[in-house]
Chemist: 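Submitted below is the structure of interest, expressed as structure tokens.
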Amino acid sequence: MSVRTRFAPSPTGYLHIGGARTALFNYLFARRHGGQYLLRIEDTDKQRSTPEAVRQILDSLDWLGLSPDEPPVYQSAREPRHAEVARELLAKGAAYLAYDTPEELAALRAEAEAQKRPFKYDGAKWQALDPKDAPSVPPAIRIKAPRGGETVVEDLVQGTVRVANAELDDMIILRSDGTPTYLHAVVVDDHDMAITHVIRGDDHLTNTFRQCMVYDAMGWHRPRFAHVPLIHGADGAKLSKRHGAVGALEFRDQGFLPEAVCNYLLRLGWGHGDTEVISREDVVRIFDIGDVGRAAARMDYAKLLHFNGVWLRQADDDRLAKEVLARLAKQGVAFGTLGGDRVRLLMPDLKERAKTLEDLAGSAAFAAVEGPPPMDAKAQALLTPEAKARLADLAQFLGDAPWERKDLEAWLRDYADVKGVKLGQVAQPLRVALSGSTQSPPIDAVLFALGRTEAMDRILAAAEG
RNA sequence: GUCCCCAUCGUCUAGAGGCCUAGGACACCAGCCUUUCACGUUGGCAGCACGGGUUCGAAUCCCGUUGGGGACGCCA
């Protein structure tokens with residue numbers, strides 16, 4: 001039987017980094033075994049589900065390269081089927097009608113808590129009820145929990161996990177308003193979608209035993225389960241907004257590359273020897289869900305940043321130039337075709353010194369604009385009278401310099417040599433004049449990328465300014 | 001509270017009884033490289049939570065303690 005996995009987020013907010021990792025594991029597992037990876041939107045909570053959230057989740061997955069192999073399944077559309085299964089369980093005698101009101105249940109729960117006693121639902125009176133004595137309130141359908149023994153799950157990540165059936169109680173599968181509960185709907189959908197492996201956050205581990213009740217009562221085959229640990233913030237607490245960026249799209253906006261985010265997420269909780277940097281293509285060949293660790297991992301932005309730098313340096317220059325130009329345009333930086341070409345030309349040297357696309361845009365701006373770039377304070381301070389004189393002198397000779405990168409370097413060295421100054425005394429003022437900053441790619445690369453005319457303009461402007 | 005899961009440097013991890021004086025990566029510190037900043041490179045700092053077993057031998061197996069996390073809804 002072909003492997004089928006699914007990622008099943010509920011559209012009550014943006015897709016956060018933990019969900020993204022769950023999706024990644026589902027994707028990798030399916031690919032590794034030549035199966036399918038599906039998406040199911042769990043939108044049965046009408047109060048909290050929004051179309052915008054659905055859109056965001058789809059966009060996030062698309063950005064991460066984790067789009068599903070089949071169109072997404074919307075759980076809300078399957079409610080008739082959920083109800084049908086619930087009624088089937090009722091007919092089989094595996095479930096019964098319970099006429100408690102939510103208020104009564106809340107009171108029972110409060111009472112149990114006041115007595116410091118664990119609450120356990122007892123539906124004996126409803127099971128013995130003669131239909132004609134039924135109260136006039138609409139009933140919910142509850143599934144009968146197994147009486148004795150224990151339920152055992154062989155989890156692919158957590159190993160053998162067992163729970164005494166005495167811990168389970170008769171859970172509601174269909175609410176009194178006829179809508180299904182999550183624990184029930186998930187099982188019906190996973191079964192109908194022929195899901196073979198359920199890979200999800202380990203906050204669902206104990207729920208698994210409740211879900212088993214439905215599988216078993218329907219006589220369905222249980223899928224294999226794999227519960228992966230949650231991601232925590234740097235302080236060890238559950239990851240939330242206050243820890244910084246957590247939404248997948250936030251990382252995109254901050255200039256992270258999807259391949260870097262995926263690589264980082266993969267390493268968070270999954271290890272394969274000393275391998276750190278690994279491509280999607282390579283990991284698909286070696287990914288094993290059993291290699292996922294059992295302990296929760298903490299989000300480390302510094303390491304993510306490092307991965308992003310690594311992937312940035314490996315990224316295609318045309319792609320990066322496009323991304324950078326889009327960011328500059330968004331920031332309102334004015335540039336033309338010439339400027340775009342200069343950024344592209346300088347990209348190999350630019351990307352070497354950046355950690356994010358935002359860094360890259362910041363360091364590329366000077367090459368994009370026409371004319372002298374804005375100068376920062378440190379650069380301004382470096383422009384002493386001597387430095388200006390140096391630039392003026394340089395400008396006189398630079399007109400005849402050979403305009404090839406290698407030649408420019410040699411030419412500059414000769415110039416410094418002839419003038420009896422250190423290369424740095426020439427390079428720094430030049431760097432400031434050309435880039436408006438004390439930091440830039442190698443000066444010969446900058447000169448070459450700018451072109452003779454543009455370079456001369458900037459040098460003269462700085463010499464006179 | 002009850003049940004479930006987890007526990008190697010600050011962080012992510014390698015490690016499945018002797019290969020461990022515990023390896024790698026990020027971060028941090030120092031050096032080298034160098035026209036700036038990066039990149040790269042060399043070295044350094046730093047860890048098996050604790051206590052009992054089992055064994056000739058334990059980071060690795062068992063039990064307990066402590067600590068962390070999760071689940072206990074007519075939420076998902």
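Proteins get letters first, then strands, A, B, ... in listed order; numbering begins at 1 in each.
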Chemist: Between R222(A), M218(A), Q211(A), which is the residue that forms a side chain to side chain contact (heavy atoms under 4.5 Å, CB included) with V187(A)?
Modeler: Q211(A)
Chemist: In whole Å, what separates the P atom of C20(B) from that of C63(B)?
Modeler: 29 Å
Chemist: With a 4.0 Å cut-off on heavy atoms, is R431(A) in touch with a base, just the backbone sugar-phosphate, or nothing at all?
Modeler: base
Chemist: Side-chain N or O of R313(A) versus OP1/OP2 of A38(B): is the shortest distance under 4.0 Å?
Modeler: no
Chemist: Please write out each protein N/O paired with an N/O of nucleotides 23-27 of chain B under 3.5 Å, distance rounded to 0.1 Å.
Modeler:
| residue | atom | partner | partner atom | Å |
| --- | --- | --- | --- | --- |
| G23(B) | N2 | D274(A) | OD1 | 3.1 |
| G24(B) | N2 | E276(A) | OE2 | 2.8 |
| A25(B) | O4' | E276(A) | OE2 | 3.3 |
| A25(B) | N3 | K303(A) | NZ | 3.0 |
| C26(B) | OP1 | H306(A) | NE2 | 3.3 |
| C26(B) | O2' | K303(A) | N | 3.4 |

Chemist: Could you check F29(A) against H197(A) for ring pair (Phe, Tyr, Trp, His ring centres under 6.0 Å), going step by step and ending with a plain yes or no?
Modeler: CA-CA 9 Å; F29(A) 186 81; H197(A) 298 260; 4.6 Å; yes
Chemist: Could you check whether D43(A) gets within reach of a base, just the sugar-phosphate, or nothing at all, counting any heavy atom under 4.0 Å?
Modeler: nothing
Chemist: Would you measure the distance from the C1' atom in G52(B) across to the matching atom in G70(B) and give it in whole Å?
Modeler: 29 Å
Chemist: What's the closest nucleotide to the Q439(A) side chain, out of C37(B), C3(B), C74(B)?
Modeler: C37(B)
Chemist: Could you pick out which residue, Y99(A) or T438(A), lies toward the 5' side of RNA chain B when each is mapped onto its nearest nucleotide?
Modeler: T438(A)
Chemist: Report which part of the nucleic acid P441(A) touches: base, sugar-phosphate, or nothing (heavy-atom distance under 4.0 Å, all strands).
Modeler: base
Chemist: Who is the Watson-Crick or G-U wobble partner of C32(B), with both distances under 3.5 Å?
Modeler: G40(B)
Chemist: Heavy atoms under 4.0 Å, any strand shown: does D203(A) hit a base, just sugar-phosphate, or nothing?
Modeler: sugar-phosphate
Chemist: Among A76(B), A71(B), C39(B), which is the nearest nucleotide to the side chain of E352(A)?
Modeler: C39(B)
Chemist: How about E113(A): does its CD atom have over 12 heavy atoms from other parts shown lying under 6.0 Å from it?
Modeler: no
Chemist: Look at the side chain of V161(A) and decide which nucleotide, out of C6(B), C4(B), G73(B), has an atom nearest to it.
Modeler: C4(B)
Chemist: So, Y121(A) versus D100(A): side-chain donor-acceptor pair below 3.5 Å or not?
Modeler: yes
Chemist: Can you tell me, in whole Å, how much space there is between the C1' of A58(B) and that of C19(B)?
Modeler: 15 Å
Chemist: Where the side chain of R353(A) is concerned, which of C6(B), C37(B), G40(B) is the nearest nucleotide?
Modeler: C37(B)
Chemist: Phosphate oxygens OP1/OP2 of U35(B): is one of them under 4.0 Å from a side-chain N or O of R413(A)?
Modeler: yes
Chemist: Just checking K406(A): does its NZ atom have more than 12 heavy atoms from other residues, nucleotides or ligands closer to it than 6.0 angstrom?
Modeler: no
Chemist: What do you reckon, is NZ of K419(A) surrounded by more than 12 foreign heavy atoms closer than 6.0 Å?
Modeler: yes
Chemist: Between A71(B) atom C1' and R200(A) atom CZ, what is the distance in whole Å?
Modeler: 12 Å
Chemist: I need the CG-C1' distance between D291(A) and G15(B), as an integer number of Å.
Modeler: 13 Å
Chemist: Using the side-chain hydrogen bond (donor to acceptor under 3.5 Å, both in side chains) rule, pick out the option among Q158(A), H204(A), R200(A), R294(A) that qualifies with H227(A).
Modeler: R200(A)
Chemist: If only side-chain N and O atoms of R21(A) are considered, is one of them under 4.0 Å from the OP1 or OP2 phosphate oxygen of C12(B)?
Modeler: no
Chemist: Please report the distance separating the P of G10(B) from the corresponding atom of G57(B), rounded so that it comes out in whole Å.
Modeler: 30 Å
Chemist: Over all strands shown, is T206(A) touching base, sugar-phosphate only, or nothing at heavy-atom distances under 4.0 angstrom?
Modeler: base
Chemist: Step by step, work out the ring pair (Phe, Tyr, Trp, His ring centres under 6.0 Å) result for F25(A) and F287(A).
Modeler: CA-CA 9 Å; F25(A) 287 160; F287(A) 183 77; 5.7 Å; yes
Chemist: So does T44(A) get a side-chain nitrogen or oxygen closer than 4.0 Å to the phosphate oxygens (OP1/OP2) of A76(B)?
Modeler: yes
Chemist: Return the pairing partner of A25(B) with a 3.5 Å limit on both distances, Watson-Crick or G-U wobble; otherwise return none.
Modeler: U11(B)
Chemist: Using a heavy-atom cut-off of 4.0 Å across all strands, would you classify H232(A) as base, sugar-phosphate, or nothing?
Modeler: sugar-phosphate
Chemist: Do R431(A) and S435(A) have side-chain atoms, one donor and one acceptor, less than 3.5 Å apart?
Modeler: no
Chemist: Using a cut-off of 4.0 Å on non-hydrogen atoms, how would the nucleic acid contact of L305(A) be classed: base, sugar-phosphate, or nothing?
Modeler: nothing
Chemist: Looking across every strand, which nucleic acid part, if any, lies under 4.0 Å from R40(A) by heavy atom: base, sugar-phosphate, or nothing?
Modeler: nothing
Chemist: Once you apply the 3.5 Å cut-off to both distances, tell me the Watson-Crick or G-U wobble partner of G57(B), or none.
Modeler: none
Chemist: What do you reckon, is CZ of R285(A) surrounded by more than 12 foreign heavy atoms closer than 6.0 Å?
Modeler: yes
Chemist: Let me see the working for W311(A) and F307(A) under ring pair (Phe, Tyr, Trp, His ring centres under 6.0 Å), right down to the final yes or no.
Modeler: CA-CA 6 Å; W311(A) 283 99; F307(A) 271 110; 8.4 Å; no
Chemist: With a non-hydrogen cut-off below 4.0 angstrom, is D100(A) in contact with a base, only sugar-phosphate, or nothing?
Modeler: base
Chemist: Report each atom pair, protein N/O against N/O of nucleotides 44-46 of chain B, whose distance is under 3.5 angstrom.
Modeler:
none

Chemist: Assess the residue pair Y99(A) and W126(A) against the criterion (ring pair (Phe, Tyr, Trp, His ring centres under 6.0 Å)); give the C-alpha distance rounded to whole Å, side-chain angles, the decisive distance to 0.1 Å, and a yes or no.
Modeler: CA-CA 7 Å; Y99(A) 294 84; W126(A) 304 129; 5.5 Å; yes
Chemist: Picking from U35(B), G73(B), A76(B), which would you name as closest to the side chain of P442(A)?
Modeler: U35(B)
Chemist: Which one, C3(B), C72(B), A76(B), comes nearest to the side chain of T181(A)?
Modeler: A76(B)
Chemist: Picking from C12(B), C74(B), U35(B), which would you name as closest to the side chain of A140(A)?
Modeler: C74(B)
Chemist: Contact class for G269(A) (heavy atom, under 4.0 Å): base, sugar-phosphate, or nothing?
Modeler: sugar-phosphate
Chemist: Has the side chain of R48(A) got a donor or acceptor atom sitting under 3.5 Å from an opposite partner on the base of C75(B)?
Modeler: yes
Chemist: What is the distance, to the nearest angstrom, from the CD1 atom on I17(A) to the P atom on C12(B)?
Modeler: 16 Å
Chemist: Would you mind reading off the distance between N207(A) atom CG and C4(B) atom C1', rounded to a whole angstrom?
Modeler: 11 Å
Chemist: Closest nucleotide of RNA chain B for H272(A) versus for A427(A): which of these residues is on the 5' side?
Modeler: H272(A)
Chemist: Using Watson-Crick or G-U wobble geometry with both distances under 3.5 Å, which nucleotide pairs with C72(B)?
Modeler: G1(B)
Chemist: Might you confirm whether atom NZ of K120(A) has over 12 heavy atoms from other residues, nucleotides or ligands at distances under 6.0 Å?
Modeler: yes
Chemist: Students often get this wrong, so: under 4.0 angstrom with heavy atoms, is L268(A) touching a base, only sugar-phosphate, or nothing?
Modeler: sugar-phosphate
Chemist: Should A49(B) form a Watson-Crick or G-U wobble pair with both distances under 3.5 Å, which nucleotide is its partner?
Modeler: U65(B)
Chemist: Give one of base, sugar-phosphate or nothing for L205(A), where a contact means two heavy atoms less than 4.0 Å apart.
Modeler: sugar-phosphate
Chemist: How far does the P atom of A76(B) sit from the matching atom of A71(B), given to the nearest Å?
Modeler: 15 Å
Chemist: For a quick check of understanding: with a heavy-atom distance under 4.0 Å over all strands, which category does R142(A) fall into, base, sugar-phosphate or nothing?
Modeler: sugar-phosphate
